[in-house]
Amino acid sequence: MKLKGRVAIVTGGSRGIGAAICRRFGKEGAKVAVVGNTNMAKAKAVADEIVKAGGMAKAFKADVSKPAQCEKLAKDVAKALGAVDILVNNAGIFLWASVEETTEKLWDDQHDLNLKGAFFMTKAVVPGMKKKRHGKIVNVTSIAGVGGFPNSAAYCATKGGLEIMTKALCLELAKFGINVNSVAPGNIRTDMNAPLRKGDKGYDKRQASLTPSGIGHLEPEDLTGAVVYFASDDARQTHGATLLVDGGWAAW
Ligand code: NAP
């Protein structure tokens with residue numbers, strides 16, 4: 001077990017990639033705060049599943065785009081599970097739109113969660129991590145944070161911003177025993193891209209043809225090993241790194 005006794009917050013833990021990370025953290029011995037927002041029944045189901053399998057987990061509700069709720073979440077988790085060791089900034093939204101279709105709200109909603117939310121969650125846990133002189137912050141970015149995609153300028157800006165924020169935070173926090181790194185997923189089969197896959201039958205095939213592995217969409221579980229690595233002490237000398245888990249997409 002790589003995370004035995006560690007207290008971990010995973011935002012966006014109710015579904016998709018975050019739920020897979022929570023389940024894997026549970027198996028690795030972490031005490032997992034499964035954070036949901038609108039789908040609390042799903043967050044509770046993920047926490048129950050971990051407990052049933054012999055792990056420790058509890059569901060929490062927070063709108064991570066709101067700094068006050070980030071602060072409250074960090075406090076509630078520390079009270080319920082103990083001082084926080086690991087934060088996975090995973091919650092995110094992708095609102096596909098052309099330049100003309102991108103309203104101010106669409107821009108703000110993505111920035112408020114994907115970028116501002118990750119910063120204010122980090123701010124909420126850093127004092128406790130500094131006190132412990134131990135902390136692991138893993139930002140879930142995207143291949144859309146290392147390369148551009150059409151009809152996704154706002155989303156790419158959030159993920160590119162999160163990539164460079166990872167490096168900026170690592171420069172500030174490494175000396176306090178806090179590691180900040182990012183995992184950049186490729187195309188992962190989740191609710192996020194279900195409308196694209198459903199509305200366009202050739203979508204998965206086209207993504208597969210653009211991916212060296214020949215797999216159009218990876219599974220959420222394919223990402224969890226990378227997140228466990230950054231969350232564990234195996235990564236104690238790794239700061240400001242990005243690990244792409246993308247089937248080779250970004251290697252062209
Ligand atoms: P998903 O299946 O759509 O799940 C999104 C998660 O974010 C849900 O748990 C949701 O919680 C949570 N969330 C949404 N708004 C929130 C808010 N305001 N406050 C707190 N939580 C909120 O997404 P996913 O595909 O697993 O994506 C997870 C992360 O991976 C995102 O950052 C995404 O950008 C990134 N990513 C995904 C892909 C992909 O292909 N899927 C590729 C690259 C990067 P509720 O349901 O409880 O509201």
Side-chain angles (χ1 to χ4, degrees), residues 9-24 32-47 59-70 72-74 87-96 105 108-121 124 138-149 152 154-163 165-166 182-197 203-204 207-208 210-211 215-224 226-227 242-247 249-250:
I9 297 179
V10 181
T11 67
S14 52
R15 292 186 284 127
I17 293 168
I21 295 169
C22 288
R23 291 189 191 99
R24 179 69 190 272
V32 191
V34 181
V35 184
N37 183 33
T38 55
N39 284 294
M40 283 315 293
K42 289 189 178 176
K44 284 194 182 93
V46 172
F60 293 83
K61 176 174 166 54
D63 179 345
V64 172
S65 68
K66 307 272 192 301
Q69 294 196 31
C70 296
K72 184 177 180 316
L73 172 66
L87 167 66
V88 183
N89 282 314
N90 166 76
I93 47 172
F94 172 32
L95 306 173
W96 174 273
K105 179 171 171 16
D108 286 347
D109 285 352
Q110 291 177 95
H111 279 75
D112 284 354
L113 178 62
N114 301 4
L115 189 54
K116 189 173 99 179
F119 178 80
F120 283 96
M121 270 314 306
V138 186
N139 293 322
V140 177
T141 60
S142 173
I143 48 173
V146 294
F149 285 79
S152 313
Y155 179 74
C156 289
T158 67
K159 293 297 181 177
L162 191 51
E163 275 293 324
M165 194 171 91
T166 300
S182 75
V183 171
N187 296 301
I188 315 295
R189 192 182 310 279
T190 68
D191 295 345
M192 184 172 274
N193 46 45
L196 290 172
R197 284 182 283 112
Y203 183 72
D204 184 66
Q207 299 307 95
L210 293 167
T211 311
I215 299 169
H217 287 81
L218 310 182
E219 300 304 325
E221 291 70 24
D222 290 326
L223 283 166
T224 59
V227 183
T242 299
L243 184 45
L244 285 144
V245 183
D246 65 347
W249 175 287

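Counting starts at 1 for both ligands and their atoms, in listed order.
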Return the closest protein heavy atom for [atom] as residue, atom name and distance.
| atom | value |
| --- | --- |
| atom 48 (O) of ligand 1 | Thr38 OG1, 2.5 Å |
| atom 36 (N) of ligand 1 | Tyr155 OH, 3.7 Å |
| atom 37 (C) of ligand 1 | Ile17 CD1, 3.6 Å |
| atom 25 (O) of ligand 1 | Thr190 OG1, 2.5 Å |
| atom 16 (C) of ligand 1 | Leu113 CD2, 3.6 Å |
| atom 9 (O) of ligand 1 | Ser14 OG, 2.8 Å |
| atom 10 (C) of ligand 1 | Arg15 NH2, 3.6 Å |
| atom 23 (O) of ligand 1 | Met192 CE, 3.6 Å |

For [X], counting its heavy atoms only, list the atoms of ligand 1 lying under 4.0 Å from any of them.
| X | answer |
| --- | --- |
| Ala91 | 7 (O), 21 (N), 22 (C), 32 (O) |
| Asn193 | 39 (C), 40 (O), 41 (N) |
| Asp63 | 17 (C), 18 (N), 19 (N) |
| Asn187 | 40 (O) |
| Gly186 | 38 (C), 40 (O), 42 (C), 43 (C) |
| Asp191 | 2 (O) |
| Gly36 | 47 (O) |

Below 4.0 Å from ligand 1: does a non-hydrogen atom of [X] turn up there or not?
| X | result |
| --- | --- |
| Ala43 | no |
| Thr141 | yes |
| Lys61 | no |
| Thr11 | no |

Given Gly92, Gly12, Gly16, which one has a non-hydrogen atom that is nearest to atom 5 (C) of ligand 1? Gly92

Minimum distance, heavy atoms only, to atom 32 (O) of ligand 1: which one of Val140, Leu73, Ile143, Asn90 is it?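 When every heavy atom of Val140, Leu73, Ile143, Asn90 is considered, Asn90 comes closest to atom 32 (O) of ligand 1.
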
Please report whether ligand 1 has a polar contact with [X], defined as an N or O pair separated by less than 3.5 Å (distance criterion only).
| X | answer |
| --- | --- |
| Ile188 | yes |
| Ser142 | no |
| Val35 | no |

How does [X] reach ligand 1, by side chain, by backbone, by both or by neither, if only non-hydrogen atoms under 4.0 Å count?
| X | answer |
| --- | --- |
| Ala62 | backbone |
| Lys159 | side chain |
| Phe94 | neither |

Does atom NZ of Lys72 have more than 12 heavy-atom neighbours from other groups under 6.0 Å away? no

Can you tell if the side chain of [X] reaches within under 4.5 Å of the side chain of [Y], non-hydrogen atoms only?
| X | Y | value |
| --- | --- | --- |
| Leu210 | Gln207 | yes |
| Leu223 | Leu218 | no |
| Pro220 | Thr190 | yes |

Side chain of Lys61, backbone of Asn37: donor and acceptor closer than 3.5 Å? yes

Quick check: does any side chain N or O of Thr11 sit under 3.5 Å from a backbone N or O of Asn89, one acting as donor and the other as acceptor?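 Between the backbone of Asn89 and the side chain of Thr11 there is no qualifying donor-acceptor contact (under 3.5 Å).
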
Result for side-chain hydrogen bond (donor to acceptor under 3.5 Å, both in side chains) between His217 and one of Thr211, Asp204, Asp222, Asn187 points to Asp204

Inter- and intrachain pairs under salt bridge (charged side-chain N to carboxylate O under 4.0 Å, His left out), touching residues 11-20, at least two apart: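 For residues 11-20: Arg15-Asp191.
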
Can you name the residues that form a salt bridge (charged side-chain N to carboxylate O under 4.0 Å, His left out) with Asp112, not counting sequence neighbours? Lys116

Does a donor on one side chain and an acceptor on the other come within less than 3.5 Å for Asn114 and Thr158?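 Judged by distance alone, the side chains do pair up.
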
Tell me if the aromatic rings of Phe149 and Trp249 count as close, with their centers under 6.0 Å from one another.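 Yes, the ring of Phe149 comes within the 6.0 Å limit of the ring of Trp249, centre to centre.
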
